[in-house]
Participant: 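So that we are looking at the same thing, I have put the structure below in structure tokens.
Reckoned from all heavy atoms, side chains included, excluding hydrogens, waters and symmetry mates. Atoms within each ligand, like the ligands themselves, are counted from 1 in listed order.
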Amino acid sequence: MLERLQKIISAAGISSRRASEELILAGRVTVNGIVVNELGSKADPSTDTVAVDGKSLTIASKKLYILLYKPVGYLTTLDDPEGRPLVTDLLKEVGERVYPVGRLDYNTEGLLLLTSDGEWANQLMHPRNEVEKEYHVRVRGKVHKSQLDQLADGVEIEGRKTAPARVSMIKEGEQNDWFSITIHEGRNRQVRRMCEAVSLSVVRLRRVRYGMLSMGALKPGEFRFLTAAEVDGLRNPHQKQVASASKTSAKTKSTT
Ligand code: URA
């Protein structure tokens, strides 16, 4: 089926539709070896070879949408010169290349989406989409109300204030307190840096909700496929939360 070139390029996860248009206009896109630099040009991804800067795009025939409980000690990058474990190592049985939607730090655990649908991933990560992400944070010592208030109002990281967040205390302990923070931005190491800004030392960080998706029955290292309703729901920025993960059984056993 013929599709617009910018749609094919963004579906392959190379860039957003707008940025794909710029690639086309810049003459960096070829179809079957011929430069196509007119917007509106079409190709058939199942029969034509579309390339950007000479590199052919890999176009998944069937799109995959996966929710993984990333354990601590796994990288969300696709390779590591130091040979550390990668989240994709946990998805070998899927048998197709999938890419993380955004990132979680090596030492952060919790919900991570992976997909072969680059356009969907770009939509979710676009700041306009404002998908809510909730984290449970365990800190060394006590959390004071004034610190939670500052986090909720927004703190300055790298010269720019964070957007208002929802915060609440979860549990107070002898050595550690736990609190919840919900943000919709996706700045690098955002929660850890927000905590640093109010002098809180994070000892554990877990993403427990991504938009409408909560952890449900997933254990570290386990994953499940999203339902069609969940895939569509995440495109919609103001989705309702459903404990959807609990309705579906996990597909693999924990590796930890
Ligand atoms: N915030 C962080 O600091 N780290 C993560 O992995 C995710 C959000």
Participant: Atom NE2 in H136, atom NZ in K171: separation rounded to 0.5 Å?
Facilitator: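 It is 11.5 Å, given to the nearest 0.5 Å.
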Participant: Does a side-chain N-to-carboxylate-O contact under 4.0 Å join E119 and K7?
Facilitator: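 No, no charged N to carboxylate O under 4.0 Å.
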Participant: Would you kindly say whether R103 and N188 are connected by a side-chain donor-acceptor distance under 3.5 Å?
Facilitator: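 Their side chains do contain a donor-acceptor pair, which is all the 3.5 Å distance test asks for.
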Participant: Under 6.0 Å from the NZ atom of K142, do we count more than 12 heavy atoms belonging to anything else shown?
Facilitator: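 Counting other residues, nucleotides and ligands, NZ of K142 exceeds 12 neighbours.
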Participant: Would you check ligand 1 and list the protein residues that come within less than 4.0 Å of it by any heavy atom, ordered by chain and number?
Facilitator: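 Residues L104, D105, T108, Y135, R189, Q190, V191, R192, L205 each place a heavy atom under 4.0 Å from ligand 1, listed by chain and number.
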Participant: Quick check on R140: does its CZ atom have over 12 non-hydrogen neighbours (other residues, nucleotides or ligands) under 6.0 Å away?
Facilitator: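 At most 12 heavy atoms, drawn from other residues, nucleotides or ligands, come within 6.0 Å of this atom.
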Participant: Inspect the contact between E22 and R28 and indicate whether a charged nitrogen and a carboxylate oxygen are less than 4.0 angstrom apart.
Facilitator: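 Looking at R28 and E22, the cut-off is not met.
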